[in-house]
Protein chains: 2
Amino acid sequence: MMHFVDRVLEEIRRKGAPVCVGIDPVYDRLPEAVKSQPYDEDDAAACVDAIFQWTMGLLEAVAEHVPLVKFQSACFERYGWDGVEAYYSLIREAKEMGLVVIGDAKRGDIGTSAEHYAAGCLLDLPGAEDEQVAGPDSITVISYFGLDGLKPFTEAGAASGRGVFALVRTSNPGGDAIQSLKLTDGRSVAEAVAEMVAKIGGDAKYVGKSGYSLLGAVVGATKPEDARRLRTLMPQQMFLVPGYGAQGGSADDVRACFKDDGTGAIITASRSVIFAHEKNTSDDWETAVEKAAVQLRREIREILGASGN
Amino acid sequence: MMHFVDRVLEEIRRKGAPVCVGIDPVYDRLPEAVKSQPYDEDDAAACVDAIFQWTMGLLEAVAEHVPLVKFQSACFERYGWDGVEAYYSLIREAKEMGLVVIGDAKRGDIGTSAEHYAAGCLLDLPGAEDEQVAGPDSITVISYFGLDGLKPFTEAGAASGRGVFALVRTSNPGGDAIQSLKLTDGRSVAEAVAEMVAKIGGDAKYVGKSGYSLLGAVVGATKPEDARRLRTLMPQQMFLVPGYGAQGGSADDVRACFKDDGTGAIITASRSVIFAHEKNTSDDWETAVEKAAVQLRREIREILGASGN
């Protein structure tokens, strides 16, 4: 059983850049070609069908070019259990295409409830052998509960070769209200969370051949100085960096999340890739998405100083 | 449309105590009578069937005695979309029995994703009129994202007469690692979160006739001095207090969560009520649960100095 990060690094090498496409389906923004049937927005089943077909096309357009995809659970959950079924089915499809899958579910609780979330949102779901449902290769989780909130997830990850990304720093403006507060010891709240994550994730049983832990960190790409500080505090954490492209992360912001050797972060772009048809109206939507994924890979390679496309 | 807290207070008066039964089904701990068929633990559908039947019996046993129930989403999600369907079906049943329902989903994200969670986890799900799926009357949410993480939920609550409980202080030992850290201004992190919640929830459009906001707070019943401080910092917040009974919250811990007028908190007990059959083996399990719910109500009334049963 391969360690999660070792596998991620291998896939990054194979595809050529540490990039991830975020799959955040918003029905209103789907291409007209997908919505062309007379769908009723209040008809959840029809919305889920359209989202399923669109995501399949999206996965086929990007699978060759990027190592990872991240599914935004909220966009599926809004349609109830039909949406949740689509979420798991699409995760299976993505895994079969060789993509490493992150379930962006931001789950968290304590004790038994955290164990249930780990079992339900990270691992394969129970079922007869031929009915087993594949869980994602990793998920995002909440850090506010501390060790006993994180451990059920990291233990499940260690037992199954999967990964966990703990929320450390978010990229939204409101995040500062709590995350930037200064502690008496000079650290910010986010830095205290970072040190806790580094300590929990540093347990030898969680660390792969690469030196990275299966417990990574979500670090919003907003301020380069913040990212550099967090990079130092979490040397064994792979960063999952949302906010590139549509949310305004720049080249400097991105570079600060990596180590000097060019490893240590996965850069995620969502809207700029998945809704590329909104700006590129000369191609069909699948081609627009594929070109945007190739461009994302090129941009990140350039930022990292790698040559070629 | 009645304000969420006004309705909660009315139901508390009607049932006689501010108590809530937490529904955290753990298959292994269900009464043998429910598991008596030769269920296979790896057969998710059979587990979900057993949990559904058990929860129905539980709701019938407690509905007459308590104003609120809280569904632990994790325990249903672990069985994938079948579990999610059962969760929503049981919420509908509970509402039809006149119970106020809290969905303990601890959701949170930013921007569009938070809006999707609010739509999917708090509101009624889309569907043709006769297929509409009832969402819970309120949910628990994460505070770490700040204002733009909370607002999509409070706005949805204001538009639909529902409530939101933001995580402020958790009752687990590990929670201290972040929540008790001291800021340079003398506050703890949890107190800073409390003040943010008080400010966001204090918007006049969120406040009901009772003076309470639809944005409440989850406050673990661990230390009375912490609870008293948080009570002062959040005068308009209804506290949702887990951890009574099995998790070890005492009478003093509980009393500290209330105002002098005996309002301001909802005390939740889960395992001590729902698994009452483990200790009370002389009654059938439904009677054991009913007696435990009546005892919970009596204990909280005694703590609050109310007379009678």
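Naming convention: chains lettered A, B, ... in sequence-line order (proteins, then strands); numbering from 1 in each chain.
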Novice: Quick check for you: to the nearest 0.5 Å, what is the distance between H116(A) atom NE2 and Y27(B) atom OH?
Specialist: 13.0 Å
Novice: On a heavy-atom basis, which atom in G175(A) and which in D148(B) lie closest, and how many Å separate them?
Specialist: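 Closest heavy-atom pair between G175(A) and D148(B): N-OD1, 4.2 Å.
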Novice: Measure the CG-CG distance between D82(A) and L125(B) for me, rounded to the nearest 0.5 Å.
Specialist: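 If I round to the nearest 0.5 Å, the distance is 9.5 Å.
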Novice: Can you tell which part of L150(A) gets under 4.5 Å to a heavy atom of chain B, answering side chain, backbone, both or neither?
Specialist: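 Answer is neither: L150(A) stays 4.5 Å or more from chain B.
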Novice: Could you tell me which portion of A190(B) (side chain, backbone, both or neither) has an atom closer than 4.5 angstrom to a non-hydrogen atom of chain A?
Specialist: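 The answer is both parts of A190(B).
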Novice: Please classify the contact of L123(B) with chain A as side chain, backbone, both or neither, using a heavy-atom distance under 4.5 Å.
Specialist: neither
Novice: At a heavy-atom distance under 4.5 Å, which candidate from G186(A), A177(A), P173(A), G149(A) has the highest pair count against chain B?
Specialist: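 When all of G186(A), A177(A), P173(A), G149(A) are compared, P173(A) has the most.
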Novice: Do the side chains of I178(A) and V193(B) get nearer than 4.5 Å, heavy atoms only?
Specialist: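 Yes, close enough: below the 4.5 Å cut-off.
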Novice: Given 3.5 Å as the limit, does a donor-acceptor pair link the side chain of D109(A) with the main chain of K106(B), or not?
Specialist: no
Novice: Flag the one option from R107(A), K151(A), R187(A), K182(A) with the top tally of heavy-atom pairs under 4.5 Å to chain B.
Specialist: R107(A)
Novice: Is it the case that the side chain of Q179(B) and the backbone of Y144(A) share a donor-acceptor pair, with hydrogens and angles ignored and the cut-off at 3.5 Å?
Specialist: yes
Novice: Which of the residues E85(A), Q72(A), E77(A) is involved in the greatest number of heavy-atom pairs with chain B at under 4.5 angstrom?
Specialist: E85(A)
Novice: Shortest non-hydrogen contact from Y117(A) to S73(B)?
Specialist: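 That closest heavy-atom pairing would be OH-CB, 3.7 Å.
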Novice: Please round to the nearest 0.5 Å and tell me the distance separating atom CD1 of I142(B) and atom CD1 of I142(A).
Specialist: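 Answer rounded to 0.5 Å: 4.0 Å.
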Novice: Testing the basics here: between S113(B) and A74(A), what is the closest heavy-atom pair and its distance to 0.1 Å?
Specialist: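 Residues S113(B) and A74(A), closest heavy atoms: O-CB, 3.3 Å.
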Novice: Examine whether an atom of V168(A) lies under 4.5 Å from a heavy atom of chain B, and if so say whether it belongs to the side chain, the backbone or both; otherwise answer neither.
Specialist: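 Contact with chain B involves the backbone of V168(A) alone.
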Novice: When you measure from the side chain of N172(A) to the backbone N and O of F145(B), does any donor-acceptor pair fall under 3.5 Å?
Specialist: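 Such a contact is found between N172(A) side chain and F145(B) backbone.
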Novice: So, taking the atom named OG1 in T112(A) and the one named CZ in R29(B), what distance separates them when rounded to the nearest 0.5 Å?
Specialist: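 If I round to the nearest 0.5 Å, the distance is 7.5 Å.
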Novice: Quick one: which of L181(A), D185(A), L147(A) has the most heavy-atom pairs under 4.5 Å with chain B, could you say?
Specialist: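 Highest number of pairs under 4.5 Å: L181(A).
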Novice: For C75(A), is it the side chain, the backbone, both, or neither that has a heavy atom closer than 4.5 Å to a heavy atom of chain B?
Specialist: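 For C75(A), heavy atoms of backbone and side chain both lie under 4.5 Å from chain B.
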